[in-house]
Amino acid sequence: MKVKIFAIVSVWFASFALAAQTADDIAKVFCDLDRVPDYNYSTLILENIEKDGKREVLEIHQYGSGVDNGLKNVAFDFKAPASVKGMRVLQLEKLKKADDRWVYMPKLRQSRRIPMTERTKSFGGTEFTYNDMTIRNEDEDKNEIVEDEAKITVNGNSYLCWKMKSTPYKKSEVEYSYRMSWFDKKTYIPVRIEYYDSKNKMIKLYECLKIEMVKGATGIEYPLRRSNAISNLVTGRKTIATVKDFVFDEPISDAYFAQHWLTTGKAPKIKGKK
């Protein structure tokens, strides 16, 4: 795993952009960007849209901490609908080994570790997988720049991008053969990702619908992926994820990232949380 970027993130990105030309450099910047701020809380609204137009809305509270040697810990607490309420997921990033992930199922009243073989499965019944909800390091893929000045429009927003092909070294751990990504040159955020199977057929599409610069409690600005969509091109099903509210850089208790929270949902309230 890589060392996180600290408070000088905006200045560092501005200077690094002049040198970041290789595919691995670009992927590394995005990996490190996803590890800041030090603490974050947000409410996620995920809307599942079936092929026939039927819709279901999920509400999830997300808690993140990156102060443990730069490693990212994330907790998800499902609040609605009733079918998933009380479900909780805990992801603990590890140094030089696979992340540790646990899920608590309220109907069974028990928690269990999510093995690597199940991380390609649906996250809470959405089109996002467990793999989609974590950070993928640049050294896990063979990264190649396909186009250096790729222009693309996503949700009415125009971007100048690096177009990159990423092929996982361990294909058994993911649900695709390779992916094509368009990285915005201003923010290093992938605004479009196409996922392909072994027959070069696109099976999944990710789009970043809105990027917004926001300030944390300390005044530092961060690029926030405010709205995202992922589409299953095989079934025609789609999930749109929107950040409803957020709190950045307000300390979060370590209690959120422990087994006791996973099974009880109990932890100190976060300052600024609605």
Query raised in the report: Would you say the side-chain atoms of Asn131 pair up with the backbone N or O of Glu173, donor to acceptor, closer than 3.5 Å?
Result: yes
Report task. Could you tell me which non-hydrogen atom of Pro190 sits nearest to which non-hydrogen atom of Cys208, and how far apart they are? Result -> O-CB, 3.9 Å
**Report entry** Cationic N near anionic O, under 4.0 Å, Asp99 to Arg119
**Finding:** no
Query raised in the report: Would a 4.5 Å heavy-atom cut-off, applied to side chains only, mark Glu59 and Val57 as touching?
Result: no
Report task. Could you check Thr239 against Glu47 for side-chain contact (heavy atoms from CB on, under 4.5 Å), going step by step and ending with a plain yes or no? Result -> CA-CA 5 Å; Thr239 299; Glu47 184 176 21; over 6 Å; no
Query raised in the report: Is atom CZ of Arg113 surrounded by more than 12 heavy atoms (other residues, nucleotides or ligands) closer than 6.0 Å?
Result: yes
Query raised in the report: With sequence neighbours left out, what residues match Tyr195 under side-chain hydrogen bond (donor to acceptor under 3.5 Å, both in side chains)?
Result: none
**Report entry** Joint cluster assignment, Leu58 & Met105, ILVMFWY side-chain distance < 4.5 Å
**Finding:** yes
Query raised in the report: So, do Phe76 and Leu90 sit near enough that their side-chain heavy atoms are less than 4.5 Å apart?
Result: no
Query - Lys204 atom NZ, neighbour heavy-atom count above 12 within 6.0 Å - result: yes
Query raised in the report: Is there side-chain contact between Lys54 and Ile49, with at least one heavy-atom pair below 4.5 Å?
Result: no
Query - Contact summary for Glu250 and Tyr39, nearest pair of heavy atoms - result: O-CB, 3.2 Å
**Report entry** Minimum heavy-atom distance between Trp261 and Ala255, given as atom pair plus value
**Finding:** CB-O, 3.0 Å
Query raised in the report: Are Val89 and Phe78 close enough that some pair of their side-chain heavy atoms sits under 4.5 Å apart?
Result: yes
Report task. Carefully, step by step, assess Leu233 and Ile203 under the rule side-chain contact (heavy atoms from CB on, under 4.5 Å). Result -> CA-CA 5 Å; Leu233 303 185; Ile203 55 175; 5.6 Å; no
Query raised in the report: If you measure only the distance, is there a donor-acceptor pair under 3.5 Å linking the side chains of Tyr41 and Thr43?
Result: yes
Report task. Determine whether Ile189 and Arg225 make a side-chain contact, defined as any pair of heavy atoms from C-beta on separated by less than 4.5 Å. Result -> yes
Query raised in the report: Would you say the ring centroid of Phe123 lies under 6.0 angstrom from that of Phe128?
Result: no
Query raised in the report: Can you check whether Leu224's main-chain N or O pairs, donor with acceptor, with Lys210's side chain at less than 3.5 Å?
Result: no
Query raised in the report: Do we see a donor-acceptor contact under 3.5 Å between the side chains of Tyr178 and Asn200?
Result: yes
Query raised in the report: Looking at side-chain heavy atoms only, is the closest gap between Ile145 and Ile26 below 4.5 Å?
Result: yes
Query - Expected output: side-chain Thr242 to main-chain Lys244 donor-acceptor under 3.5 Å - result: no
Report task. For Thr126 and Asn48, test the side chains for any donor-to-acceptor distance below 3.5 angstrom and give the result as yes or no. Result -> no
Requested in this report: Run the numbers on Glu140 and Lys170 for salt bridge (Lys or Arg N to Asp or Glu O under 4.0 Å), then give the verdict.
Outcome: CA-CA 8 Å; Glu140 294 179 283; Lys170 296 181 179 180; over 6 Å; no
**Report entry** Single-linkage hydrophobic cluster, 4.5 Å side-chain cutoff, Met133 and Ile45 together
**Finding:** no
Requested in this report: Indicate the atoms forming the closest heavy-atom contact of Ala75 with Tyr256, along with that distance.
Outcome: CB-O, 3.6 Å
**Report entry** Phe248-Tyr222 aromatic ring centre distance below 6.0 Å
**Finding:** yes
Query raised in the report: Judged by atom type as modelled, is there a donor-acceptor pair below 3.5 Å linking the side chain of Thr263 to the main-chain atoms of Gln259?
Result: yes
**Report entry** Any side-chain donor near an acceptor of the partner, Ser231 and Glu127, under 3.5 Å
**Finding:** no
Query raised in the report: Do Leu209 and Ile152 sit in the same hydrophobic cluster, where Ile, Leu, Val, Met, Phe, Trp and Tyr count as joined when their side-chain heavy atoms come under 4.5 Å apart?
Result: no
**Report entry** Check: Ser181 side chain, Phe183 main-chain N or O, donor-acceptor pair, under 3.5 Å
**Finding:** no
**Report entry** Side-chain heavy-atom pair Glu207, Asn155 within 4.5 angstrom cut-off
**Finding:** no
Query - Shared hydrophobic cluster for Tyr130 and Met116 (ILVMFWY, side-chain gaps under 4.5 Å) - result: no
Query raised in the report: Would you call Arg237 and Glu50 a salt bridge, using N to O less than 4.0 angstrom?
Result: yes
Requested in this report: Take Glu194 and Trp182 through the side-chain contact (heavy atoms from CB on, under 4.5 Å) test and state the conclusion after the steps.
Outcome: CA-CA 9 Å; Glu194 299 174 351; Trp182 282 256; 3.5 Å; yes
Query - Asp197 vs Ser177, side chain to side chain donor-acceptor pair (under 3.5 Å): CA-CA, chis, key distance, verdict - result: CA-CA 5 Å; Asp197 63 14; Ser177 182; over 6 Å; no
Query - Check: Glu56 side chain, Pro81 main-chain N or O, donor-acceptor pair, under 3.5 Å - result: no
Query raised in the report: Would a distance-only check, ignoring hydrogens and angles, find a side-chain to backbone donor-acceptor pair under 3.5 Å from Asp141 to Asn143?
Result: no
Query raised in the report: Hey, is the main chain of Glu212 close enough, under 3.5 Å, to the side chain of Arg226 for a donor-acceptor pair?
Result: no
Report task. Show the numbers, then the answer: is there a ring pair (Phe, Tyr, Trp, His ring centres under 6.0 Å) between Tyr196 and Tyr176? Result -> CA-CA 6 Å; Tyr196 291 84; Tyr176 54 88; 9.8 Å; no
Query raised in the report: Same cluster for Val191 and Met213 if Ile/Leu/Val/Met/Phe/Trp/Tyr side chains link at under 4.5 Å?
Result: no
Requested in this report: Rounded to the nearest 0.5 Å, what's the gap from CD on Glu175 to NZ on Lys171? Could you check?
Outcome: 13.5 Å
Report task. Starting from the C-alpha separation in whole Å, work towards a yes-or-no answer on side-chain contact (heavy atoms from CB on, under 4.5 Å) for Asp132 and Tyr206. Result -> CA-CA 10 Å; Asp132 291 325; Tyr206 164 86; over 6 Å; no
Query raised in the report: Can Lys151 and Glu149 be counted as an ion pair, charged N to O under 4.0 angstrom?
Result: no
Requested in this report: Could you pull out the closest heavy-atom pair between Met164 and Ser166, with the gap in Å?
Outcome: SD-OG, 3.9 Å
Query raised in the report: Is the backbone N or O of Tyr188 less than 3.5 Å from a side-chain atom of Asp184, with the two atoms forming a donor-acceptor pair by type?
Result: no
Query raised in the report: Donor-acceptor pair, Glu118 side chain versus Pro115 backbone, under 3.5 Å?
Result: no
Report summary line: Taken to the nearest 0.5 Å, the spacing of Lys79 NZ from Leu44 CG works out to 13.0 Å
Report task. First locate atom CZ of Arg101, then atom CG of Leu92, and finally report the distance between them rounded to the nearest 0.5 Å. Result -> 10.5 Å
Requested in this report: Find the distance between OH (Tyr159) and OG1 (Thr153) and round it off to the nearest 0.5 Å.
Outcome: 9.5 Å
Report summary line: Between Ala27 and Glu138 the two heavy atoms that sit nearest each other are CB-CB, 3.5 Å
Query raised in the report: Out of curiosity, Glu221 CD to Thr218 OG1, how far, rounded to the nearest 0.5 Å?
Result: 11.0 Å
Query - Distance (rounded to the nearest 0.5 Å) between Leu46 CG and Ile240 CD1 - result: 10.0 Å
Query raised in the report: Just wondering, do Asn40 and Phe246 contact through their side chains at under 4.5 Å, heavy atoms?
Result: no
